[in-house]
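Each chain gets a letter, A, B and so on, in the order its sequence line appears, and its residues count up from 1. The model shown is predicted, which means the values in this text are computed figures rather than measured ones.
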Amino acid sequence: MKTSRFHLSTMKETPADAEIVSHQLMLRAGMIRRLASGLYTWLPLGLRVLRKVEAIVREEMNRAGALELLMPAVQPAELWQESGRWEQYGPELLRLKDRHGREFCIGPTHEEVITDLFRREVKSYKQLPLNFYQIQTKFRDEIRPRFGVMRAREFVMKDAYSFHLDAESLQRTYDDMFTAYSRIFDRFGLDYRPVAADSGAIGGNTSHEFHVLADSGEDAIAFSDGSDYAANVEMAEAICEQKRGEPTQDMHTVDTPNAHTIEEVCALLGLPAEQTLKTLIVRGDPGEDGNGPELVALCLRGDHELNAVKAEKLPQVAAPLQMADAEHIRSVIGCDIGSIGPVGLNLPVIADRCAAALADFVCGANENGKHLTGVNWGRDLPEPEVADIRNVVEGDPSPDGKGRLGILRGIEVGHIFQLGDKYSRAMKAEVLDENGKARTVTMGCYGIGVSRVVAAAIEQNHDDRGIIWPMALAPFTLAICPINYHKSEAVRNEADAFHAWCLEQGIDALLDDRPLRPGAMFADMELIGVPHRVVFSDRGLQAGNFEYKGRSDEASENVALERLKAFVREKLD
RNA sequence: CGGGGUGUAGCGCAGCCUGGUAGCGCAACUGCUUUGGGAGCAGUGGGUCGGGGGUUCGAAUCCCUCCACCCCGACCA
């Protein structure tokens, strides 16, 4: 490809509304253009990368025995009503009506459609297991689309759905998918981690997320330095090593005017946050009979953070988690937030393991401007119910007992999940077993955010000059930069001949034949992240050399012209 | 949805407070010079100042309204 025939559309300045580096670089490099909120056009340069991601995904899915198909983006409401998700899904589901007034949605995912297909197509256990996948455009009407294609409303996803007669078969395919995903992310050349994710009510290791590691990632993942344990912070179990000490202090009330936060209380009393207890008041779950608690108190050590996912799984707590409002708290407890504590509190009290292990701690006195010191469970107030309700922090022991936890940030690009019979039961997807009896099948589903992978690769691999593509994802693998292409016949001949050779060899080479000065040419090739660069100039040719530089090399090197083809082959292999 | 902010040329911005008919840099186009790290000079084109309404002799500027976009959003006890 020659730049003069490729719509290379780079920008020197960063568009003001792009917040994160991948979004900025994708705009500056001319990979994408915004059409409306959360909707993007992929320009030729960006599409080349997207297609490379797709190709690797497709090859590895095929290798793992999955079968590609393609389902419609628009889906009839009846299927969603059948699964119950027409009501459950909420405003993220884009709904529309056709000219006859029939209701449809634009698919955010395809469990209903694939399950419907399956029940019409497959009748016998002999046809199982089956694993279908597609690479297709999805639409989710996000509350707040942002970060370019990282969190777009319309995006490209690979979604796969497997069908099985029993749990063992599902587990085998699940393991195959785990292996295939690992191969896919290995081939991308990205630094990634599979992590255990919310395993839900079924129990066991039924879900893994694949995260591309990047400091800007939206998810926190916890991993052990002593084993291969890795889990989303949302679900990583927080263990308390400390044993509660004996009380050594009496309980006292102290004046703490204007001290509302843990930080302010600690500064005032000269204590570390680890010696304090904070009390959060959340809405209770009224339960089926309506006799559940209206409010519930959750106690954490002062330096810890509440984990909402864990908290809302508690039977007393309303899901989704809702903090009580200030007015409500004042009417029930009689003080403002900032002065609440569990002593004498007429609410169910649930303490995190570490909060329950405190002795002689400081907490709010349920009276504005006052705190209690030297408080001890069992002596000054009843023993609390104990639960794991905090986020793990750096240095916590690993839940598998091996090593300590570190925290990394990641971008979720893949998710594999054992669905069970949620959809197959609701939609009566059954096959006949060996006894001729109808059996409901069990399902797995497996997603990869194809367009998000592109953004995540950039988040992980860039410098102040632009993108640094891993070889497998680069839109072009080799940039040919001739200096004075339009003036020097020798340079032009050499560059054209080499370019032609590259095409024969199947090398994605980009020849920059624009009449630009070298600096401008180099800057563009670095911005779009081409991994290898070859320069031809009169000066070099006269000395019998060409110049080579890898995208992340410090300096360029001069290489003898005779070695050109062998040298390039070596670099690309 | 709530809070905050921004809409002026393809991109980045100034002008608005204190009304007087729109400007800078980059990009684009033409010509000449230049050619190893985003060249120089000269010239050219491109804007119903987000839309609508109002005030005024006169509105990018003041007022009202709608729209779009961006950011933040219970970890506080």
| request: Write down the distance between CG (A/L347) and C1' (B/A77), rounded to a whole number of angstrom. | output: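 Roughly 13 Å, once rounded to whole Å.
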| NA contact type, A/R34, heavy-atom cut-off 4.0 Å: base, sugar-phosphate, or nothing? |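 Here A/R34 touches the backbone only, sparing every base.
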| Across the strands shown, which category fits A/E264 at heavy-atom distances under 4.0 angstrom: base, sugar-phosphate, nothing? |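 Nothing: the residue A/E264, judged by heavy atoms under 4.0 Å, touches no strand.
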| query | Could you give the CG-to-C1' distance, from A/L43 to B/G10, as a whole number of Å? | reply |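 Roughly 13 Å, once rounded to whole Å.
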| Side-chain H-bond candidate by donor/acceptor type, A/Q316 with A/E385, under 3.5 Å |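 Present: a donor and an acceptor within the cut-off.
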| task | Verify the contact: side-chain N or O of A/R146 to OP1 or OP2 of B/C72, cut-off strictly under 4.0 Å; return yes or no. | result |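 Yes, because at least one side-chain N or O of A/R146 sits under 4.0 Å from OP1 or OP2 of B/C72.
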| Does the base of B/G37 carry an N or O that pairs as donor and acceptor with the side chain of A/R533 under 3.5 Å? |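 Present.
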| Identified side-chain contact (heavy atoms from CB on, under 4.5 Å) partner of A/I467 from the options A/R551, A/H462, A/M31, A/E526 |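 Testing A/I467 for a side-chain contact (heavy atoms from CB on, under 4.5 Å) against A/R551, A/H462, A/M31, A/E526 leaves exactly one candidate, A/M31.
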| said: By nearest atom, which of the nucleotides B/U35, B/G38, B/G12 is closest to the A/I483 side chain? | reply: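 Nucleotide nearest to A/I483's side chain: B/U35.
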| request: Please report, rounded to the nearest Å, how far the C1' atom of B/C70 is from the CD atom of A/Q24. | output: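 After rounding, the reported distance stands at 13 Å.
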| request: Mark yes or no for a side-chain to base donor-acceptor pair under 3.5 Å between A/E526 and B/G38, with no hydrogen or angle criteria applied. | output: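 Checked by distance alone, the answer is no.
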| How is A/D336 classified with respect to the nucleic acid when contacts are heavy atoms under 4.0 Å: base, sugar-phosphate, or nothing? |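 It contacts nothing in the nucleic acid.
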| Interatomic distance, A/E13 CD vs B/A27 P [rounded to whole Å] |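 About 9 Å, once rounded to whole Å.
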| Value in whole Å for how far the C1' atom of B/U35 lies from CZ of A/F536 |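 So the two atoms are 18 Å apart, to the nearest Å.
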| request: Consider the side chain of A/L306, meaning its heavy atoms from C-beta on, and name the nucleotide among B/C75, B/G12, B/G37 that approaches it most closely. | output: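 Of all the options, the side chain of A/L306 is nearest to B/C75.
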| task | Describe the nucleic acid contact of A/T14 in one word from base, sugar-phosphate, nothing, applying a heavy-atom distance below 4.0 Å. | result |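 Since only primed, P, OP1 and OP2 atoms lie under 4.0 Å of A/T14, the category is sugar-phosphate.
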| What nucleotide among B/C1, B/A27, B/U35 has an atom nearest to a side-chain atom of A/K12? |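 In terms of side-chain proximity for A/K12, the closest of B/C1, B/A27, B/U35 is B/A27.
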| task | Compute the centroid of each ring, for A/F546 and then for A/F567, and state whether the two points are separated by less than 6.0 Å. | result |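 Centroid distance A/F546-A/F567: below 6.0 Å, so yes.
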| Given B/G38, B/C70, B/G12, which nucleotide is nearest the side-chain atoms of A/S37? |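 Of the options given, the side chain of A/S37 lies nearest B/C70.
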| task | To the nearest Å, give me how far apart CZ (A/R517) and C1' (B/G40) are. | result |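 Taking atom C1' of B/G40 as the reference, CZ of A/R517 is at 9 Å.
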| message | Could you check, using the six-membered ring where one of them is a Trp, whether A/F476 and A/W469 have ring centers closer than 6.0 angstrom? | response |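 Centroid distance A/F476-A/W469: not below 6.0 Å, so no.
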| said: Heavy atoms only, 4.0 Å cut-off, all strands: where does A/T279 land among base, sugar-phosphate and nothing? | reply: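 Base contact - A/T279 has a heavy atom under 4.0 Å of at least one base atom.
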| task | Return the value, rounded to whole Å, for the distance between atom CG of A/L516 and atom C1' of B/U34. | result |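 Rounded to the whole Å, the gap is 13 Å.
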| field | Distance test, side-chain N/O of A/R144 to OP1/OP2 of B/C72, below 4.0 Å | value |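 It does, given that an N or O in the side chain of A/R144 lies less than 4.0 Å from OP1 or OP2 of B/C72.
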| query | Among B/G38, B/C71, B/U35, which is the nearest nucleotide to the side chain of A/E19? | reply |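 Nearest to the side-chain atoms of A/E19, counting from C-beta on, is B/C71.
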| query | Centroid-to-centroid, A/F223 to A/Y229, below 6.0 Å? | reply |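 Aromatic pair excluded; centres sit 6.0 Å or further apart.
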| said: With a 3.5 Å limit on both atom pairs, tell me what B/U56 is paired to, counting Watson-Crick and G-U wobble, or say none. | reply: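 B/U56 is unpaired by these criteria.
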| query | Between B/C75 atom C1' and A/L300 atom CG, what is the distance in whole Å? | reply |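 A/L300 atom CG is separated from B/C75 atom C1' by 9 Å.
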| A/H23 and A/Y40 aromatic ring geometry - parallel, tilted or perpendicular at 30°/60° bounds |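 Rings of A/Y40 and A/H23: perpendicular, over 60°.
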| query | Given B/C11, B/C71, B/C69, which nucleotide is nearest the side-chain atoms of A/D17? | reply |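 Of the options given, the side chain of A/D17 lies nearest B/C69.
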